[in-house]
Structure formats: structure tokens, C-alpha cells
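Down below is the structure, laid out as C-alpha cells.
Proteins come first, then strands; the chains are lettered A, B, ... in the order of their sequence lines, and each starts at number 1.
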Amino acid sequence: MTRYTPAEIEAKWQAAWEKDEVFKAVRDTSRPKYYVLEMFPYPSGRIHIGHVRNYTMGDVVSRYKRATGHNVLHPMGFDAFGMPAENAAMKMGGHPKDWTYSNIDDMVTQMKPMGFSLDWSRMFATCDPEYYGQQQALFLDFLEAGLVYRKNAVVNWDPVDMTVLANEQVIDGKGWRSDAEVERRELTQWFFKISDYSDELLSALETMDNWPAKVRLMQENWIGKSRGLQFAFSTVAQPEDNDKISPPEGHDRIEVYTTRPDTLMGASFVGISPDHPLAKQLERDNPEVAAFCAAARKGGTTAEAIEKADKMGFDTGITCRHPFDTAWELPVYIANFILMEYGTGAIFGCPAHDERDFEFATKYGLPITSTFLPAEDAEEVLSKAFVPTKSETVYYNRGFAGEKLQTGADGVDAAVDFCEANGVGQAVTKFRLRDWGLSRQRYWGCPIPVVHCETCGVVPEKKENLPIQLPYDEGGAPIDFSIPGNPLDRHPTWRNVACPSCGAPALRETDTMDTFVDSSWYFARFTAPDADTPTRMEDADYWMNVDQYIGGIEHAILHLLYSRFFARGMQITGHLPSKSIEPFDALFTQGMVTHAIYSTQDAAGRPVYHYPEAVELKDGKAFLKDGGAECQIVPSAKMSKSKNNVVDPVNIIDSYGADTARWFVLSDSPPERDVEWTASGAEATFKHLGRVFRIVSDIAASPPGTTADDAELLKEMHKAIHDVTMGVDSFGFNAAIAKLYGFTSTLAKSKAGGDAKREAAKTLAQLMSPMTPHLSEELWTMLGQDGLITQASWPVADPAMMVDDTVTMPIQINGKRRAEISVAKDMPKEEVEKLALSQDAVIRALDGAVPKKVIVVPGRIVNVVV
RNA sequence: GCGGGCGUGAUGGAAUGGUAGACAUACCAGACUUAAAAUCUGGAGGGCGUAAGCCCGUGUGGGUUCGAGUCCCACCGCCCGCACCA
């Protein structure tokens with residue numbers, strides 16, 4: 001008998017698959033297509049065990065669909081632009097391009113031995129000019145269709161690195177790399193008009209039944225639809241001798257938006273953003289205001305930075321009139337907590353019913369008036385804001401003393417209607433979702449294909465000039481990435497071009513695109529990676545949509561929302577068929593692979609982390625192999641280089657082979673949950689695969705024949721087909737694997753004849769093949785089957801073969817199990833009842849009591865009620 | 001603060017409202033072996049009992065049901081997302 005040697009087996013079958021190009025996807029309208037895609041990796045240089053789990057899941061689906069007659073597209077590529085490449089160049093010298101492509105080579109080399117059923121011929125990286133050139137073409141089409149525009153926007157600006165930072169890159173108000181205080185700066189940037197699609201992106205979520213509810217909810221919250229009232233306060237022109245200030249010209253109204261018009265009579269001030277046009281006007285006129293606005297703008301725009309910031313206000317001296325009581329004047333404050341980007345950049349402050357306004361009013365001594373109490377109690381001192389539900393009864397205390405406004409279920413709706421009816425503002429729907437700023441002041445990204453001409457303005461590049469390639473050198477010399485700022489900006493020649501419109505000397509745009517643009521349409525490009533347009537319609541029409549998309553929950557909002565927007569844009573610009581308005585039919589978000597952290601403490605009490613190989617496990621405790629000191633164990637932690645708990649798939653393949661790694665990452669936990677990598681688990685998987693190998697090779701060598709046990713084995717086989725198919729079909733991989741363990745034991749112990757055993761072994765190999773394709777091919781050959789198991793049809797369970805003739809039924813008395821009987825499956829209820837009541841244990845437990853009722857659930861249970 | 005999810009043996013986890021703990025790890029015992037490894041067989045939620053068996057048991061407390069890990073209500077704990085969003 002030969003031994004299970006994964007290194008030999010895996011290389012052999014991978015070569016066989018490659019030779020026959022079994023995973024090459026070719027358009028074939030005679031077969032149903034199936035497009036399975038895993039979120040493509042960033043080329044960091046190393047494959048992570050988390051990648052292995054992600055791609056294994058996709059591979060199981062891919063192989064299963066192929067076996068059930070589908071024409072499968074299963075591609076792989078690299079999300080290759082982005083800051084890490086530039087950071088590597090800054091730190092270690094070299095060029096982002098060389099770093100990236102060398103990493104891609106390394107990662108492909110690491111991925112290939114996993115035996116994924118990928119069509120490698122379709123591979124691309126987003127930094128390939130062939131890809132980003134098409135992305136530039138898309139950009140131009142989007143521009144023409146009005147889906148992209150330029151505007152001023154407030155951004156996080158790092159004054160040392162001289163670049164815009166994403167919110168995630170701002171830590172404690174400081175640049176993550178430079179440690180410099182981040183400024184809020186207004187810059188002219190390119191934006192995608194995603195907010196135009198807010199309502200549609202929101203309502204379509206309801207139809208996306210095969211997406212996790214959690215992701216749909218997260219997107220719903222992110223889009224953030226709200227209904228409210230928009231209305232204007234009129235500002236008050238003051239007489240000369242007044243200590244109040246008249247509003248500057250052109251500012252006789254302040255528009256505000258509110259979702260709580262039912263609290264309008266509790267207003268005590270009007271607040272405007274430091275970026276509000278009125279604030280800016282005052283800033284120009286008054287240095288005091290300018291100083292305040294500058295201070296208020298300081299600090300990042302991250303949630304964290306905002307949370308820590310104190311409420312700051314500046315009384316402008318301007319007042320405005322309450323719309324329901326023109327004698328009632330409210331002071332106008334500039335306040336740091338009001339965002340210009342949301343609503344109108346101005347609010348009415350209602351301290352009694354808003355925590356934030358309460359804090360502000362307390363600090364600046366503004367009145368706090370409840371609108372939810374009868375007029376005589378309204379001035380009652382509140383210790384904190386009372387935030388009413390949206391259907392509470394509303395009293396309009398001032399001007400409408402004691403009058404109950406609310407009539408229907410929703411006080412807000414009633415208030416909106418009331419205000420509209422009285423000529424105060426109109427109902428407005430607002431969204432939290434803002435337009436997607438795509439400009440980045442970085443080198444390693446897709447150049448934005450426009451030219452700035454002194455006479456023509458912003459001119460789109462001509463399509464025949466695409467791709468606009470990134471320069472590799474800087475006027476013959478290597479680009480110096482250690483200088484802060486964008487190398488494209490200071491490049492001696494790259495910027496200089498002829499205006500595509502008038503031909504005069506002009507300057508190329510030096511901003512590049514956010515890398516999320518790259519990943520917003522790569523799934524469409526995979527349908528025709530060689531096309532000389534972004535997509536080729538006949539291929540897109542055949543392969544789209546992605547039938548199953550698999551990736552991490554961390555992309556629940558940005559990537560998945562941007563892609564949904566892009567699919568719409570690509571449809572409008574004729575690059576995707578109309579059915580692809582939602583590009584991902586089904587989405588699955590998988591959990592992480594975690595690993596225990598082992599640590600001891602040094603003399604100063606700081607933790608010292610140890611590699612798993614340096615630790616010996618005994619009775620659930622961990623001891624250092626060197627010295628024997630006991631370690632602290634943190635189970636199930638996210639893998640992190642600094643904690644020394646990273647598992648390298650390459651090492652696992654070397655020790656156990658790819659099939660072991662594939663089986664293990666699917667086996668222990670449900671795929672949506674985290675799975676903990678354990679050495680003992682990997683070892684056990686390897687042993688199990690070795691056992692399967694032995695069992696099947698024994699069976700292959702056994703003589704033919706039949707025995708009385710054949711039927712029983714075949715029944716178990718059909719049950720296994722049924723259960724494993726169900727599991728694989730519904731992302732129940734762990735359950736499918738549990739069933740396969742059970743079926744393997746059944747097969748090993750069966751006394752069935754050689755023929756039945758061979759049949760069962762063949763089926764076992766097939767059922768395992770999506771998870772352990774190499775081993776399965778070997779078993780297939782061992783059992784004398786022709787061709788590749790990879791190309792064999794999936795076994796079909798015969799329901800007639802799975803039926804048990806007799807069933808074991810527990811008998812309960814008042815819900816407690818007291819006995820069990822074995823009966824024919826189709827025994828009539830009355831007979832089952834009679835038999836149950838005649839059992840010794842039942843008679844004993846009843847102790848002479850007469851049953852009130854006997855419930856018989858055929859094939860399941862008998863419950864006797866006393 | 002708002003929104004969502006989850007609590008089951010030592011551990012990861014199974015259970016269309018119908019025998020809770022499948023399967024796996026760790027553990028224990030036995031076989032084989034001079035021995036170890038490998039392999040094979042078996043055990044195992046807790047308590048009482050020689051045993052048959054009985055009692056308890058899915059975070060806590062209630063409820064619905066012949067029957068609840070599963071459905072409903074309240075509470076406790078943990079995890080995730082969002083957040084000066086007007």
C-alpha cells in the first residue's frame with residue numbers, strides 16, 4: 001500500500017488541470033453560466049491564511065457548479081494601486097511599480113500550489129496600463145454623462161506630506177505618517193455624483209435577497225435617508241443705535257433643515273457652520289470672527305476628533321425672527337459642531353429637545369424651553385435634554401399656547417404638514433450620503449485624464465491618447481519618493497501637454513484616482529480582460545452578473561456601494577447591460593482566520609510575544625519550550641505580525657499539502673464566522689485525509705462481490721450525497737465536512753461487498769472533491785475511473801434510496817423522554833400509540849395514571865400527556 | 001446615543017418547534033509494540049446510584065405550547081456598524 005504524499009499528488013494533478021486547461025472560461029451559450037468571484041487581493045507580497053479561506057470558499061462553489069453542468073467563470077487579479085507601494089518606496093527606496101509587480105509574482109507563486117480552479121489567463125492588475133487606460137476611458141464617458149464633476153470641498157490636509165488624507169489616515173487629529181496636525185482645507189477636487197443615486201441605491205437594497213441582511217442594513221444607514229422641513233429664518237435689519245448687528249447684504253434669510261419641526265417652538269438660537277456663506281462674509285469683515293472660524297475649523301473630520309471637540313460658539317450679534325412669531329428674535333451663532341456638508345449648513349437650536357443644543361445653550365446661557373409641556377410649565381428647569389419620540393404629543397407653547405398640534409401617529413409628519421399649511425417652509429428629503437471625492441495627490445494611482453488649459457479650461461483628454469501612463473522616471477533620473485508631495489506635480493515634463501481642444505501648451509491634471517475606483521468595475525473587466533474598450537458587450541451580457549461574490553465584511557459599505565454606483569454608471573454609458581444594474585446577485589461575507597497569541601512578560605511588565613512553534617501545549621496551558629515558563633494565552637485573536645501569531649499558508653502546504661489547508665479552513669466554524677487556526681486541528685485534518693487515502697486504496701484493492709450489507713451502505717451513501725450537496729449549496733461547508741467524516745467512518749466499518757464499497761468510495765471522492773480536489777483526483781484514478789474527477793458530473797441523491805424502513809421514536813411523558821420504540825416507517829398512528837403505551841418503561845412511569853392525550857408525530861416522536 | 005447580531009460541554013461548534021451536545025479538538029482507557037510514534041477500538045454534560053434508573057442542564061427571570069436551544073416579553077453580558085447628520 002502506498003502512502004498519502006500530498007506533495008507528489010498535488011503537483012501531479014495541478015499539472016494535469018493546466019495541461020487540459022480545464023478552468024479556462026469560454027463563452028458557451030448552450031450551457032448555463034456561473035460567475036463566482038472572491039474580492040481580489042492587494043499585492044502586499046504574502047498570501048495570508050485569510051486569503052486561503054476566502055479563495056477556498058469560492059473554489060468549492062466554483063468546482064461544485066462546474067460539476068453540476070455550469071460554465072464557470074472564476075478569475076483572479078490584483079488591486080494593485082495604493083499607498084503601501086509608495087510607502088515602501090519612501091522607506092526602502094526603489095519604485096512602487098517594481099515593488100508591486102514583484103509582489104504580484106510572489107503571490108501568484110504562493111497561490112498556485114493551492115490548486116484553485118482559477119482561469120489564470122484572465123489575470124490582470126489594476127496598475128496595468130491596459131486596465132487603467134480603460135478606466136480613464138470610463139472616466140471620460142462618466143464625465144460626458146454628467147456623473148463626474150469638480151467642486152471645492154473641505155478635506156483633511158497633511159501640511160508636512162502635502163497631501164490629502166482619508167479619514168482613516170487621521171489619528172488623533174494628526175497625520176498617520178507625518179504626525180503633523182491635520183488641517184481642514186478647501187480644495188478643488190473631482191467627485192462622482194453618487195448622491196444623485198441615493199434613493200435608488202437605497203430602494204434597490206430591498207430586492208437584494210441574497211445579500212446578508214447586515215450588509216444591506218449598513219448600507220441603508222450609510223445612505224441615511226431622512227424626511228424633514230426646510231425653511232428660512234429672516235434676519236433682522238437693526239437701527240443704527242442698536243448694539244445688535246445688521247446682516248451683511250444678501251443675507252436677509254438663513255435656510256435651515258430640521259427633522260424635528262415638532263420642536264420648532266422650543267427654538268432658542270440659530271447656528272451656522274464656520275463654512276456657511278454668512279460666516280465667510282463676516283470672516284472677511286471682522287478679524288474676531290476670522291479668528292474664531294479658524295479655530296473652529298481646526299482638527300480633523302474624523303468621528304473621534306469631533307467627539308473630543310468642545311462646543312464652541314460665536315455670537316455674531318445678528319438676530320433673526322421666528323417664523324411663527326415675528327416679534328420673537330433669536331441670536332445667530334457660528335458654531336463649530338455644524339457641518340456645512342449636511343443639510344443647509346445651518347440649524348435652529350432647540351436645547352430642550354436636543355442633547356447637543358442643550359450642551360451649547362448651557363455653555364452660552366441661552367433659554368431652554370420645552371415644547372412638550374403645557375405653556376405654564378414650559379420654563380421648568382431641565383437637567384438634560386428630553387429627546388421625544390417622533391410621535392409624542394406636541395404643544396406649541398409660544399404663540400400657540402397649549403394648542404396640541406399632533407393628531408396622527410407621527411408628530412413629525414403632522415408638524416411638517418402644519419408648517420407647510422402655514423407657509424413656513426416645505427417638506428424635504430435629505431440623504432447622509434455625500435458625493436464620492438476621487439482625487440488623490442498621490443503618484444501610484446490611475447491618472448485623471450484631463451488637461452487644464454488657460455483658454456479652454458478643464459478639457460477631457462482625447463480617447464486616442466489613452467492610456468495616460470504614469471512616468472517611471474523623473475526626467476531621466478529615478479523619482480525620489482522621499483520628498484513629500486506628489487511626484488507628478490514636480491515632474492519636469494510630464495505635466496506639459498498640448499491642449500486637446502486648442503492645441504496650445506497646457507498642463508495635465510496631476511491628481512490620481514482613489515484606488516476604490518479601480519475596484520469598482522474590475523468584476524466587469526474580467527468578462528473580457530483583453531477588450532480594447534472597458535468591456536465587450538457580448539461577453540458582459542453573457543457572464544454578468546457575478547452570481548456569487550465572496551469577501552470580507554470590512555467592504556460592506558465603501559467598495560460594495562461604489563461598485564453598485566459604478567454598475568449604474570456603466571449601464572448609462574453603455575458598458576454594461578441593463579440587467580447589471582446590481583452587479584452582484586449574491587454576496588457572502590466570510591469570517592477571519594484567527595490564531596491564539598502566546599505571551600510572557602519582561603522585567604518591566606511589558607508583554608513578550610512568542611511564535612506558536614516556540615510554545616508547547618499541555619492540558620490547555622502553554623509553556624515555552626525554552627525554559628518552560630508558562631505563557632498567557634489569548635485565544636482567537638486576529639493575526640498580526642507584531643503579536644507573532646501569523647500562520648503562513650506556504651508553511652502549511654510544505655508540511656501537510658494544500659488539501660489539508662483547504663479542508664481545515666472550512667471545517668470547524670460556519671464560514672461567516674471566524675475560525676481559529678490550531679496546529680492540532682491542521683494535524684488532525686492531515687491524519688484524516690491520510691485515513692481516507694488508506695481506506696480507499698484498501699477498497700480499490702479488494703475483490704468484487706456482494707453482501708447483505710450492501711443496501712445499508714448505499715443508503716448511507718445517498719444520504720451523504722444529499723447532505724453534502726445541501727451543505728455545499730448553501731455555504732454550510734462545516735456541516736458538509738461533518739457529514740463526510742461520518743460517511744468515511746461508515747464506509748470504513750461497513751461489511752458490504754467490494755462492488756458497493758467501490759461505489760461508495762467513488763462517491764466519497766466526488767463529494768470531497770470541491771474541498772480536496774487533488775486527493776480526490778488520486779482516489780478517482782485509484783478506483784479505476786477514467787478522466788478527471790474535476791470534469792465528472794456531481795452525484796445525485798436518489799430519494800427512494802434514502803428512506804429508512806424503520807424509525808426510532810422517542811416516547812415522552814409530559815415532555816420528558818422515558819422510552820423509545822423502533823417501528824415501521826409507515827405504521828399507523830393508532831398502532832404507534834398502542835405500542836408506545838404498552839412499553840414497560842411507559843407503564844412504570846405512568847404508574848396507573850390515565851393519559852389525557854397522546855400526540856403522535858409520525859416518524860418523529862410520541863408524547864403522552866397525563 | 002442610534003442600529004444590528006450573538007450567549008449551548010474543557011474548546012470550535014451541530015440541532016425544518018420534536019431524543020440537546022452531531023462532527024472535530026483536547027482528555028481518558030484498551031489493542032498492537034521491548035518501547036515510542038503511527039494506527040485501530042472504546043469512553044466521556046453535571047449530580048446521586050453497584051446497577052436499573054432518577055434529578056438537573058442551552059446567560060438570567062417570566063410567558064406561549066402536548067413539547068422551547070429554537071417563538072414572545074424583560075433583564076444581564078459580549079461583539080459589530082454608525083454617529084456633534086440638525
Side-chain angles (χ1 to χ4, degrees), chain A residues 212-222 224 226 228-230 256-261 263 271 273 303-311 335-339 341-350 354-357 359-360 387 430-434 553-554 556-557 594 617-620 635-636 664 667-670 673-676 678-685 687-688 690-691 694 732 734-745 748-749 808-820 841 844-845 851-857 859-866:
Chain A
K214 183 187 169 83
V215 174
R216 289 180 358 220
L217 193 73
M218 282 164 74
Q219 292 211 352
E220 191 182 315
N221 291 338
W222 186 264
S226 70
L229 180 80
Q230 184 162 330
V256 302
Y257 170 72
T258 177
T259 57
R260 297 312 299 263
T263 65
S273 161
E304 197 182 4
I306 287 162
E307 184 142 359
K308 284 186 193 152
D310 281 333
K311 302 270 175 296
N336 64 338
F337 63 86
I338 301 167
L339 309 172
E341 295 82 18
Y342 189 81
T344 60
I347 61 161
F348 82 84
C350 181
D354 183 287
E355 286 169 22
R356 185 196 51 193
D357 295 347
E359 192 188 329
F360 188 82
V387 182
K430 295 257 183 217
F431 294 91
R432 211 188 70 104
L433 181 66
R434 296 178 217 163
I553 187 77
E554 67 273 19
I557 297 172
T594 61
L617 293 174
K618 202 156 172 11
D619 293 344
S636 271
F664 181 74
S667 64
D668 258 9
S669 289
R673 248 185 268 180
D674 292 350
V675 63
E676 179 163 0
T678 60
S680 57
E683 178 75 30
T685 298
K687 285 182 188 172
H688 174 71
R691 182 166 173 248
R694 279 194 307 280
N734 56 325
I737 283 178
K739 186 68 197 175
L740 286 166
Y741 272 112
F743 181 48
T744 304
S745 293
K749 288 175 193 166
T808 305
M809 293 174 74
I811 301 165
Q812 297 182 332
I813 293 171
N814 287 339
K816 284 189 190 299
R817 182 182 164 281
R818 290 295 135 131
E820 60 180 40
R844 212 178 326 124
K852 278 190 205 134
K853 197 161 132 193
V854 179
I855 290 148
V856 178
V857 184
R860 299 231 76 130
I861 204 165
V862 179
N863 194 8
V864 181
V865 187
V866 188

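The distance from atom CH2 of W222(A) to atom CZ of R434(A), rounded to the nearest 0.5 Å, is 8.5 Å. A distance of 8.0 Å separates NZ in K852(A) from CG in N814(A), rounded to the nearest 0.5 Å. Going from atom OG of S680(A) over to atom NZ of K687(A) covers 9.5 Å, rounded to the nearest 0.5 Å. Between the CD1 atom of I338(A) and the CZ atom of R356(A) there is a distance of 7.0 Å, given to the nearest 0.5 Å. In this structure, CG in L433(A) is found 10.5 Å from CD1 in I557(A), a value given to the nearest 0.5 Å.
Among the protein residues, N814(A) comes within range of no part of the nucleic acid, since none of its heavy atoms lies under 4.0 Å from any strand. At a threshold of 4.0 angstrom between heavy atoms, the contacts of I338(A) include nucleobase atoms, whether or not backbone atoms are also involved. Among the atoms of the strands shown, none is found under 4.0 Å from any heavy atom of S667(A). Contact annotation for T258(A): backbone-only contact, meaning every heavy-atom pair under 4.0 Å involves sugar-phosphate atoms and none involves a base. The residue E820(A) sits close to a base: some heavy atom pair falls under 4.0 Å.
G18(B) atom P lies 18 Å from atom NZ of K816(A), rounded to whole Å. For the pair F664(A) CZ and G13(B) P, the computed distance is 11 Å after rounding to whole Å. We find that OH of Y741(A) is positioned 15 Å from P of A22(B), with the value rounded to whole Å. Distance, D668(A) CG to A24(B) P: 11 Å, rounded to whole Å. For the pair D674(A) CG and G13(B) C1', the computed distance is 14 Å after rounding to whole Å. In this structure, K687(A) places its NZ atom 10 Å from P of A37(B), rounding to the nearest Å. A straight line from CD1 of I813(A) to P of C66(B) spans 17 Å, rounded to a whole angstrom. The CZ atom of R817(A) sits 16 Å away from the C1' atom of G57(B) (whole-angstrom rounding).
If you take atom C1' in G7(B) and the same atom in A20(B), they sit 16 Å apart, rounded to whole Å. Comparing the C1' positions of G57(B) and G21(B) gives an interatomic distance of 11 Å, to the nearest angstrom. With P as the reference atom, G18(B) and C80(B) are 33 Å apart, rounded to whole Å. Taking atom C1' on both nucleotides, C23(B) is separated from G13(B) by 9 Å, rounded to a whole Å. Atom name C1', nucleotides C66(B) and U11(B): the rounded distance is 36 Å, in whole Å. To the nearest whole angstrom, the two C1' atoms, one in G69(B) and one in U16(B), are 15 Å apart. Nucleotides A14(B) and U50(B), compared at atom C1', are 35 Å apart to the nearest Å. Between A38(B) and A29(B), the two P atoms lie 16 Å apart (nearest whole Å).
G9(B) adopts a syn glycosidic conformation, its chi angle falling within 90° of 0.
G18(B) is paired with C66(B) under the Watson-Crick or G-U wobble criterion, all donor-acceptor distances under 3.5 Å. Of the nucleotides present, none pairs with A26(B) by Watson-Crick or G-U wobble criteria with both distances under 3.5 Å. Taking a pair to require two hydrogen-bonding distances under 3.5 Å in either a Watson-Crick or a G-U wobble arrangement, A74(B) pairs with U60(B). Base-pair partner of G3(B): C80(B) (Watson-Crick or G-U wobble, both distances under 3.5 Å).
Taking side-chain N and O atoms only, R432(A) has a distance below 4.0 Å to OP1 or OP2 of A83(B). A sub-4.0 Å separation between OP1 or OP2 of A86(B) and a side-chain N or O of Y342(A) is present. Taking side-chain N and O atoms only, N221(A) has no distance below 4.0 Å to OP1 or OP2 of A83(B).
Using bins of under 30°, 30° to 60° and over 60° for the plane-to-plane angle, the ring pair H688(A)/Y741(A) lands in the tilted bin.
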For each nucleotide in nucleotides 4-10 of chain B, reading 5' to 3', give B when a protein heavy atom comes within less than 4.0 Å of its base, S when such contact involves only the sugar-phosphate, and - otherwise.
-> S------
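The closest side-chain heavy-atom distance from N863(A) to V854(A) is not below 4.5 Å. With contacts defined as side-chain heavy-atom distances shorter than 4.5 Å, the pair I861(A)/Q812(A) qualifies. The closest side-chain heavy-atom distance from T259(A) to K430(A) is not below 4.5 Å. No side-chain heavy atom of D354(A) sits under 4.5 Å from any side-chain heavy atom of I347(A).
Of the two residues near RNA chain B, S226(A) and I855(A), the one whose nearest nucleotide lies more 5' is I855(A). Projected onto RNA chain B by closest heavy-atom contact, G815(A) and A738(A) fall at different nucleotides, the more 5' of which corresponds to A738(A).
Taking only distance into account, the side chain of N863(A) meets the base of C66(B) through a donor-acceptor pair shorter than 3.5 Å. If you check distances only, the side chain of R818(A) never reaches the base of C54(B) with a donor-acceptor pair under 3.5 Å. Evaluation of atom-type donor-acceptor distances gives no pair under 3.5 Å for the side chain of K852(A) against the base of C66(B). Counting distance only, with no hydrogens placed and no angle test, the side-chain atoms of R356(A) and the base atoms of A86(B) include a donor-acceptor pair under 3.5 Å.
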Can you check side-chain contact (heavy atoms from CB on, under 4.5 Å) on F337(A) and D357(A), steps first, answer last?
-> CA-CA 10 Å; F337(A) 63 86; D357(A) 295 347; 4.1 Å; yes
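Between the side chain of S667(A) and the main chain of N734(A), no donor-acceptor pair closer than 3.5 Å is present.
Relative to the side chain of I557(A), the nucleotides C40(B), G81(B), G13(B) differ in distance, and G81(B) lies closest.
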Pairwise N/O distances under 3.5 Å, protein to nucleotides 43-48 of chain B:
none

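When all heavy atoms of S226(A) and Y257(A) are compared, the closest pair comes out as OG-OH, 2.9 Å.
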